[in-house]
S.K.: 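Have a look at this one before I ask anything.
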Amino acid sequence: MPDRNKQPRFPSSLARLRSARHGLFVLVAVVFATSRTTTQHLSAQRPAAQPTATQQPTESPDANASRIAWWREAKFGMFVHWGVYSVVGGQYKGQELPNSAEWMMARGKIPIAEYEQYAKQFNPTAFDADKFVGLAKRAGMKYLVITAKHHDGFAMFDSKATAYNVVDFSPFGRDIMSELAEACQKQGIKFGFYYSQAQDWHHPGGFGNGWDKTIKRVSSDQYVSEKAVPEVRQLLTEYGPIGIFWWDTPRAMSEAAFNSLHSLTKLQPDVLTNDRLGENFPGDYKTFERNIPRQAPHGKDWEVCMPISGSWGYKKSDTDFKSTRTLIRNLADIASKGGNYLLNVSPTGTGTLLPQAVERLEQIGQWMQTNGESIYGTTASLIGKPDWGRCTAKATGDSTALYLHVFDWPQDGKLVIRGLENDVQSASLLDGGQILSTQTVDDGVLVSVPADPPDADDSVIKLVVSGTPEVRSLLPTPGKDGVLELFADQAFIHNNEGSRDAGLREHDGIPHVGYWLDDQAWVEWEIEIREPGVYQVSAVMSVQESQTEFRVSVNDSQLSASVPSTGSYGRYVRRDLGTIRVSQAGRKSVRVIPAPGSWQPMNLRQLTLKREGKTDAD
Ligand code: H79
């Protein structure tokens, strides 16, 4: 048997290993964001410092914290994808183009001259910046980021670098960015630009246009100096205070090109940037696109951007609007992990949003009116993902407010916060303020709740506890549905001395146990089984070689698995591995152990146990 006592090599499992050894190992809660406020810049024109140096001067952690304080408080922003593509809503020559509509020029391999004809039709006469920003504000959004230029190259402002812009090229003739900048400033919404700095399907030297042979082939350096740099400089000097500069789709460029773009952000000393300029430019925060990470990135600020429907840019056929319930729960989920939510809407060619989007924003706004306190300025809490919903936190002097976002209202009137060890000072419903009684139970804290939830989507209970939350680390256990998902980044990876270590890697932002070359290396999760029975075991994994063999055990019961190639290491498939009978409840060790001789390296994303007899409808 391999040596079980070796320390794993990454912190999350180290913490878990400790907690598993000392059952009551207590983790100290929540990293509280500094609540310092930033200086507001109210002058429309800020003096322009000349960008010179190629290196960003190192900023003190305090200065960074004060610059980003408003953003940490804000939590919720509006993303807007709007451009030439919005005119036709994803339809080209009577055909429906697949995927997100702002990509239509590339998807349809539309020649530049032809795409320009759509720009000639861009005339969103129904656009009203004040109304538009007012809607974002009513939805509870605190910042707005809009496509100043997407990959198609069309500037939604009065670009001085090219006539291919909304003022000079389209009949509309109005500088949309300046109208929005002004409306945002008036209404107290932070304003930001999305700018695609490397791709440009219209201008020579921009990345991405391989289909139009009329475009001159010049270097990306030339593109950056001719177009991207002057446009970014203009955006950062002529539109008042800019809260965020949101780069997109990094491409390998020369160091000089990167530095010339990066140094421009000094024109607005308080501007925040995302992590998408290039590999070596982490910016102020990390971004996730479309998907919410299962676990928060460690010690970083981060944001999830997501379209309200399927496409970023307006697409006629896209009726895939997320429900208000999903959107509110996404916001709570993201906040419970410490992130921000940048929710995208897609104005049409006339300059307004579809009623489906407006309706959802208004409904979110109603929820925020009552429950905003549980979102704004909150941090992650140690109460990660309870059965009933999510939890956000806010430190208030000697106590901490825990906001219990209850998605699944308890039928028996008893809501349990498992593992919570603090003294409770008070509990109340945010909606209406009804005081709730609480008691300490073996499992943690029990809150007695009324029969009906105040909100069908997310009812928030404010639980004030003394001090900083202390939560007993609890072993993962199957949920009500009988399913227990064990993820790579929760596993203890046991490596053998002297060989290359198996460890945590990621594909598409999803962690897996990788570099598993050594058949002596194995992985383990500690779990608790409350209901004995037969468990179906499956794994989300990839194998490149013809097949691999391994064992999965739960204490003394085990199965042998033989899994054929999934095609490549990057191709993940869920494989049923068989069943394991667990005859007694209690703490268990789940292990995945290579079969010596028949082992081929695999990447393991997750192992799932599901109790038989449980159906999805349960
Ligand atoms: O602006 C939105 C996207 O257009 C942009 N980022 C967000 C915020 C983005 N550009 N590229 N990507 C995201 C990733 C690449 C996606 C692609 Fe595809 C897959 C390009 C081609 C295949 C999706 C599917 C877009 C076109 C077809």
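Numbering of ligands and ligand atoms starts at 1, following listing order.
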S.K.: Are any non-hydrogen protein atoms located under 4.0 Å from atom 19 (C) of ligand 1?
M.R.: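 No, there is none.
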S.K.: F127 vs F172 aromatic rings, parallel, tilted or perpendicular, using cut-offs 30° and 60°?
M.R.: perpendicular
S.K.: Counting both backbone and side chain atoms, is some N or O of H81 under 3.5 Å from an N or O of ligand 1?
M.R.: yes
S.K.: Within ligand 1, which atoms have a heavy atom of H150 less than 4.0 Å away?
M.R.: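 Answer, ordered by atom number: 1 (O), 2 (C), 3 (C), 4 (O).
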S.K.: Report yes if some heavy atom in the side chain of N340 is under 4.5 Å from a heavy atom in the side chain of W71; otherwise report no.
M.R.: yes
S.K.: With backbone taken as N, CA, C and O and side chain as the heavy atoms from C-beta onward, which portion of D248 lies under 4.0 Å from ligand 1: side chain, backbone, both, or neither?
M.R.: side chain
S.K.: Could you tell me whether W312 and ligand 1 have an N or O pair separated by under 3.5 Å?
M.R.: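 Not met; the criterion fails.
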S.K.: With a 4.5 Å heavy-atom cut-off, do M78 and V345 have their side chains touching?
M.R.: yes
S.K.: Evaluate the ring planes of H512 and H507, with Trp represented by its six-membered ring, and classify them as parallel (under 30°), tilted (30 to 60°) or perpendicular (over 60°).
M.R.: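 Ring orientation of H512 relative to H507: parallel.
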S.K.: Check the angle between the aromatic planes of F76 and Y341 and answer parallel, tilted or perpendicular using the 30° and 60° thresholds.
M.R.: parallel
S.K.: Could you say whether the N/O atoms of S100 and ligand 1 ever approach to under 3.5 Å?
M.R.: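 No, since none of the N or O atoms of S100 sits under 3.5 Å from an N or O of ligand 1.
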S.K.: Which of the listed options, L342, N344, T249, T147, holds the heavy atom that is closest to atom 12 (N) of ligand 1?
M.R.: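 Heavy atom nearest to atom 12 (N) of ligand 1 belongs to T249.
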S.K.: If we count only non-hydrogen protein atoms and require a distance under 4.0 Å, does atom 7 (C) of ligand 1 qualify as touching the protein?
M.R.: yes
S.K.: Within the structure, does H151 bring an N/O atom to less than 3.5 angstrom of an N/O atom in ligand 1?
M.R.: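 Yes, at least one N or O pair falls under 3.5 Å.
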S.K.: Please confirm whether K120 makes a cation-pi placement over F169, using NZ or CZ under 6.0 Å from the six-membered ring centre and within 45° of the ring normal.
M.R.: yes
S.K.: To the nearest 0.1 Å, how far is atom 4 (O) of ligand 1 from its closest protein heavy atom, and which atom is that?
M.R.: E102 OE2, 2.6 Å
S.K.: Cation-pi check, K149 to Y195: give yes when NZ or CZ is under 6.0 Å from the six-membered ring centre and within 45° of the ring axis, no otherwise.
M.R.: yes
S.K.: Do you know which of Y239, W246, Y143 makes ring-ring contact (aromatic ring centres under 6.0 Å, His included) with F193?
M.R.: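 Passing option: Y239.
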S.K.: Considering both backbone and side-chain atoms of Q199, is one of its nitrogen or oxygen atoms within less than 3.5 Å of a nitrogen or oxygen in ligand 1?
M.R.: no
S.K.: Under 3.5 Å, N or O to N or O, is W103 touching ligand 1 that way?
M.R.: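 Between W103 and ligand 1 (N or O atoms, distance only) the closest approach is under 3.5 Å.
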